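Let me begin by presenting the structure, written as structure tokens, before commenting on it.
Keep in mind that what you see is a predicted model, and the values were worked out from it rather than measured. Order of the sequence lines fixes the chain letters, A, B, ..., with proteins taken first and strands second; residue numbering starts at 1 for each chain.
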Amino acid sequence: MPHPHSILTFAIMSEIKSLNFIEEVIEADLQTGKYKSIVTRFPPEPNGYLHIGHAKSICLNFGLALEYGGYTNLRFDDTNPVTEETEYVDSIKEDVKWLGFEWKNELYASDYFDNLYQFAVELIRKGLAYVDDSTAEEIAEMKGTPTEAGKESSFRNRSVEENLDLFQRMKNGEYPDGSRTLRAKIDMTSPNMHLRDPLMYRIKHAHHHRTANTWCIYPMYDFAHGQSDSIEKVTHSICTLEFIPHRALYDWFIEKLDIFPSHQYEFGRLNLTYTVLSKRKLLQLVNDGYVSGWDDPRMPTISGVKRRGFTATALRDFCDRIGVQKRENLIDVSLLEFCVREHLNKISLRRMVVFDPLKIVITNYPLMNEEMLRGEDNPEDANSTHREVPFGRELYIEQEDFMENPPKKYFRLSPGNMVRLKNAYIIRCESVIKDDSGKISEVLCTYIPESKSGSDTSGLKVQGTLHWVSIAHAVSAEVRLYDRLFRVEDPNSEEGDFKNYINPDSLQVVRNVYAEPCVANAKFSERYQFLRKGYFCLDKESSEDKMIFNRTVTLKDAWVKEQKKG
RNA sequence: UGCCCGAUAGUAUAAUGGUAGUACGACAGAUUUUGGUUCUGUUUGUCGAGGUUCGAAUCCUCGUCGGGCAACCA
């Protein structure tokens with residue numbers, strides 16, 4: 001008997017959570033007993049890197065299996081040897097794991113080449129497939145157009161025996177590439193172009209990343225995918241909208257072969273504002289040098305966002321929130337940023353780092369003195385650990401945190417005004433020192449000794465709190481600040497080349513920032529919030545003598561908004 | 001102008017013939033030793049026209065708009 005608690009939880013959950021259309025189908029299938037449990041698959045072609053569009057599919061396929069107690073196979077759709085490489089297989093496996101999912105079986109469409117060949121022979125025997133000697137051009141010509149019926153090939157009515165013989169000889173390598181194909185005999189007048197005698201096999205004398213030179217004929221996607229699903233007893237085969245017209249063919253092969261009836265369901269692929277998510281376009285960004293590589297932190301690839309500092313938790317949460325539907329969508333990238341911030345806020349260690357230093361001197365702080373102050377690592381954590389932050393007479397604050405003639409609502413440091421230095425004291429600006437050119441070289445302040453953080457008896461209230469770093473103790477680092485790669489909301493729908501809309505300022509490098517000492521102990525596994533600056537993580541290009549941090553995402557900033565209004 | 005898919009606030013997503021709700025965004029306020037976080041409030045929506053019905057976002061009809069389909073790619 002189930003624990004009463006879990007029943008309650010389930011009741012509440014099902015009341016709150018609404019089902020997407022695929023979940024509805026699955027629940028119905030489970031309820032009617034059509035399936036006892038479900039099997040899904042994630043079927044990438046190993047010809048490129050995964051991006052966050054794939055993440056949506058991964059979360060869907062693996063998430064469904066987890067939700068309903070089934071399992072998911074990772075199946076590489078490797079039916080085209082000329083585009084596929086083992087390097088991609090490895091990166092795909094790594095990315096799926098990083099996202100936090102485990103596949104039941106690691107499989108390859110190429111594992112089924114023998115089965116598929118037998119299936120083809122079977123269809124030939126049934127008079128449902130034939131070898132066509134037409135050229136690619138002739139086949140395209142005879143295909144007709146969406147508004148115009150196709151014409152039957154003159155090879156369409158070859159005998160079963162001849163087809164069997166020819167197909168075997170195709171397999172044996174007797175014919176050159178492109179000289180013959182195996183086609184399904186369906187209907188050249190079908191309004192669905194995919195049913196006009198689609199190609200099942202083509203000749204390619206090419207090396208395959210797994211089967212090497214065993215084969216010189218390779219099945220087309222349509223002749224491989226459904227049957228692969230069927231062999232694996234995939235119950236719910238989920239793909240994107242553009243495969244809708246393929247479904248009739250998917251079903252046709254399964255029906256004629258009389259094999260396990262897998263079913264295909266289609267959802268709308270992810271589109272993100274200010275982003276492109278097509279392999280072709282991402283490849284161009286890499287090849288044309290707009291980014292440093294597939295894992296450039298500005299790239300929407302899994303490896304890119306991972307290097308940027310996004311967490312798998314945030315990505316999964318994002319995929320959860322965007323939902324699943326049978327319609328086109330363009331998700332606002334601010335939702336992604338929200339998910340990333342929400343997670344990072346909970347786990348990041350707070351650190352103080354000054355990017356653009358302005359020297360301040362605490363004139364009433366004892367000469368040669370210094371002290372260690374305590375700073376919370378994470379105020380979101382009730383049991384937060386602490387680190388020690390050295391304080392001294394000479395400090396850096398940000399240039400932007402001081403103004404000689406401040407505008408209204410400026411809460412920061414200005415002559416005569418007081419601010420708190422985070423984790424330290426309240427200070428007052430007494431005067432400024434300028435160099436010959438009139439530029440402020442340092443700001444002279446006094447501090448209120450009894451205002452020390454944690455034991456403040458001053459009774460003073462100030463509006464601003466600044467981050468700072470002791471000049472004598474500061475450690476150096478480089479930070480890389482990223483902005484969106486495109487300057488228009490939907491680069492895919494703009495006129496002309498999408499590359500015309502690239503944001504020229506998507507990367508800003510600050511070679512030397514001043515960080516509090518404990519930043520020197522930064523770890524790759526940890527996430528940081530540089531106070532008031534954003535979330536950061538260590539970049540892989542960091543070395544022993546040079547730390548490099550990527551800005552994952554900024555903090556929300558009400559002040560910039562305020563300024564824009566003015 | 002053949003076939004297929006779709007249309008709910010700015011964006012995304014619920015409501016499955018019975019009060020149009022949620023999240024993000026935006027705006028306003030409270031709290032705050034991060035102009036962060038948190039909390040509260042406000043704003044804005046059923047593509048159009050008919051029909052069925054006591055009652056339609058939901059069902060039907062006709063439009064409109066968007067997307068897809070003519071690779072020996074997946």
For this session: Measure from the side chain of A/W559, starting at C-beta and using heavy atoms only, and say which of B/A74, B/G35, B/U33 lies closest.
Result: B/G35

For this session: Test A/Y221 against every option in A/F243, A/F253, A/Y201 by the ring-ring contact (aromatic ring centres under 6.0 Å, His included) rule and name the one that passes.
Result: A/F243

For this session: Pick the C1' atom in B/U13 and in B/A20, then give their distance to the nearest Å.
Result: 13 Å

Exercise. Are A/R350 and A/E376 within salt-bridge range, i.e. N to O under 4.0 Å?
Worked result: no

Exercise. A/D177 CG to B/A71 C1': how many Å, rounded?
Worked result: 16 Å

Exercise. Which of the following nucleotides, B/A12, B/G35, B/C72, is nearest to the side chain of A/Y410?
Worked result: B/G35

For this session: Determine the interatomic distance between P on B/A23 and the same-named atom on B/G41; round to the nearest Å.
Result: 10 Å

Problem set entry | Donor-acceptor pair under 3.5 Å, A/E380 side chain vs B/G36 base | yes

Exercise. Touch check for A/H246, heavy atoms < 4.0 angstrom, all strands: base, sugar-phosphate only, or nothing?
Worked result: base

For this session: Find which nucleotide of RNA chain B each of A/K326 and A/Y535 is nearest to by heavy atoms, and output the residue with the more 5' nucleotide.
Result: A/K326

Exercise. With a non-hydrogen cut-off below 4.0 angstrom, is A/L241 in contact with a base, only sugar-phosphate, or nothing?
Worked result: nothing

Exercise. Heavy atoms under 4.0 Å, any strand shown: does A/R196 hit a base, just sugar-phosphate, or nothing?
Worked result: nothing

For this session: Report which part of the nucleic acid A/G150 touches: base, sugar-phosphate, or nothing (heavy-atom distance under 4.0 Å, all strands).
Result: nothing

Seminar exercise, completed: From CD of A/E85 across to P of B/A74 the rounded distance in Å is 16 Å

Exercise. Is A/Y221 stacked on the base of B/A74 when the test is centres under 5.5 angstrom and planes under 30 degrees?
Worked result: no

Exercise. Say you pick atom P in B/G68 and the same atom in B/A30; how far apart are they, in whole Å?
Worked result: 49 Å

For this session: May I ask you to verify if any side-chain N or O of A/T79 is less than 4.0 angstrom from the OP1 or OP2 atom of B/A74?
Result: yes

Seminar exercise, completed: Rounded to whole Å, the NE2-P distance (A/H194 to B/C5) equals 14 Å

Problem set entry | Nearest-angstrom distance, P atom, B/C24 to B/U40 | 11 Å

Exercise. Looking for any heavy atom pair under 4.0 Å, which part of the strands does A/Y201 touch: base, sugar-phosphate only, or nothing?
Worked result: nothing

For this session: Would you kindly give the CD-to-C1' distance between A/E266 and B/G67, to the nearest whole Å?
Result: 14 Å

For this session: Look at all strands and tell whether A/F223 reaches a base, only sugar-phosphate, or nothing, counting heavy atoms closer than 4.0 Å.
Result: nothing

For this session: Scan every strand shown for a Watson-Crick or G-U wobble partner of B/U33, both distances under 3.5 Å, and answer none if you come up empty.
Result: none

Exercise. Do side-chain atoms of A/S451 reach the backbone of A/I426 as a donor and acceptor pair under 3.5 angstrom?
Worked result: yes

For this session: Look at the aromatic rings of A/Y447 and A/F391 and report parallel, tilted or perpendicular, splitting at 30° and 60°.
Result: tilted

Exercise. With rounding to whole Å, what would you report as the distance between B/C62 and B/A14 at their P atoms?
Worked result: 27 Å

Problem set entry | Gap between atoms CG and P, on A/D401 and B/U33 respectively (whole Å) | 18 Å

Exercise. Looking for any heavy atom pair under 4.0 Å, which part of the strands does A/P379 touch: base, sugar-phosphate only, or nothing?
Worked result: base

Problem set entry | Mutual orientation of the aromatic rings belonging to A/Y218 and A/F113 [parallel < 30°, tilted 30-60°, perpendicular > 60°] | perpendicular

Seminar exercise, completed: Here the distance between atom C1' of B/A70 and atom CG of A/L195, to the nearest Å, is 14 Å

Exercise. Across the strands shown, which category fits A/L330 at heavy-atom distances under 4.0 angstrom: base, sugar-phosphate, nothing?
Worked result: sugar-phosphate

Exercise. Would you call A/D133-A/R180 a salt bridge at under 4.0 Å N-O?
Worked result: yes

Exercise. With sugar-phosphate meaning primed atoms plus P, OP1 and OP2, does A/N80 contact a base, only sugar-phosphate, or nothing at under 4.0 Å between heavy atoms?
Worked result: sugar-phosphate

Exercise. When all nucleic acid strands are considered with a 4.0 Å heavy-atom cut-off, which category describes A/N423: base, sugar-phosphate, or nothing?
Worked result: base

For this session: Please determine, for the side chain of A/S453, which listed nucleotide (B/C69, B/C72, B/U33) has the closest atom?
Result: B/U33

For this session: Round to the nearest Å and state the distance from A/Q463 atom CD to B/G36 atom P.
Result: 13 Å

For this session: Identify the nucleotide, in any strand shown, that forms a Watson-Crick or G-U wobble pair with B/C69, with both distances under 3.5 Å; if there is none, say none.
Result: B/G2

Exercise. Between B/C72, B/G2, B/A74, which one does the side chain of A/P191 approach most closely?
Worked result: B/G2

Exercise. Taking the C1' atom of each, how far is B/A74 from B/C65, in whole Å?
Worked result: 30 Å

For this session: Report the base-pairing partner of B/G10 (Watson-Crick or G-U wobble, both distances below 3.5 angstrom), or none.
Result: B/C24

Exercise. Can we call the ring centroids of A/F21 and A/F267 under 6.0 Å apart?
Worked result: no

Exercise. Are A/E398 and A/R532 close enough for a salt bridge, meaning some N to O gap below 4.0 Å?
Worked result: no

Exercise. Reckon A/S348 touches a base, only the sugar-phosphate, or nothing at all at heavy-atom distances under 4.0 Å?
Worked result: nothing

Exercise. Can we say A/E516 and A/K422 salt-bridge, meaning some charged N sits less than 4.0 Å from an Asp/Glu carboxylate O?
Worked result: no

For this session: Please measure how far the P atom in B/U46 lies from the corresponding atom in B/G29, and state the result in whole Å.
Result: 30 Å

Exercise. Think A/K204 has a side-chain N or O under 4.0 angstrom from the OP1 or OP2 of B/C73?
Worked result: yes

Exercise. Is A/D320 paired with A/R316 through a side-chain N to carboxylate O contact shorter than 4.0 Å?
Worked result: no

For this session: Would you state whether a donor and an acceptor, one from the side chain of A/R327 and one from the base of B/G66, lie under 3.5 Å apart?
Result: no

Exercise. Do A/R351 and A/Y528 meet the cation-pi criteria used here (NZ or CZ under 6.0 Å from the six-membered ring centre, within 45° of the axis)?
Worked result: no

Problem set entry | Length of the line joining A/M188:CE and B/A70:P, which is rounded to integer Å | 14 Å

For this session: For the side chain of A/P146, starting at C-beta, report the closest nucleotide among B/G2, B/G35, B/G36.
Result: B/G2

Using atom names, set out every protein N or O paired with an N or O of nucleotides 22-25 of chain B below 3.5 Å, distance rounded to 0.1 Å.
| from | atom 1 | to | atom 2 | distance (Å) |
| --- | --- | --- | --- | --- |
| B/A23 | O2' | A/R321 | NH1 | 3.0 |

Exercise. Between A/R532 and B/G36, does any side-chain N or O lie under 4.0 Å from OP1 or OP2?
Worked result: no

Exercise. Taking atom P in both B/U11 and B/G25, what distance in whole Å separates the two?
Worked result: 16 Å

Problem set entry | A/Q325 vs B/A14: side-chain N/O to OP1/OP2 distance below 4.0 Å | yes

For this session: Determine the contact category for A/I244: base if any of its heavy atoms lies under 4.0 Å from a base atom, sugar-phosphate if only primed atoms, P, OP1 or OP2 are that close, otherwise nothing.
Result: sugar-phosphate

Exercise. Does the distance from a Lys or Arg side-chain N to an Asp or Glu carboxylate O, for A/D132 and A/R158, drop under 4.0 Å?
Worked result: no

Exercise. Taking a pair as Watson-Crick or G-U wobble with both distances under 3.5 Å, which nucleotide is matched to B/C54?
Worked result: B/G18

Problem set entry | Residue met sooner reading RNA chain B from 5', once A/T465 and A/T147 are mapped to nucleotides | A/T147

Exercise. For B/A71, does OP1 or OP2 lie under 4.0 Å from any side-chain N or O of A/R202?
Worked result: no

Exercise. Base, sugar-phosphate alone, or nothing: which one does A/K452 contact when heavy atoms must sit under 4.0 Å apart?
Worked result: base

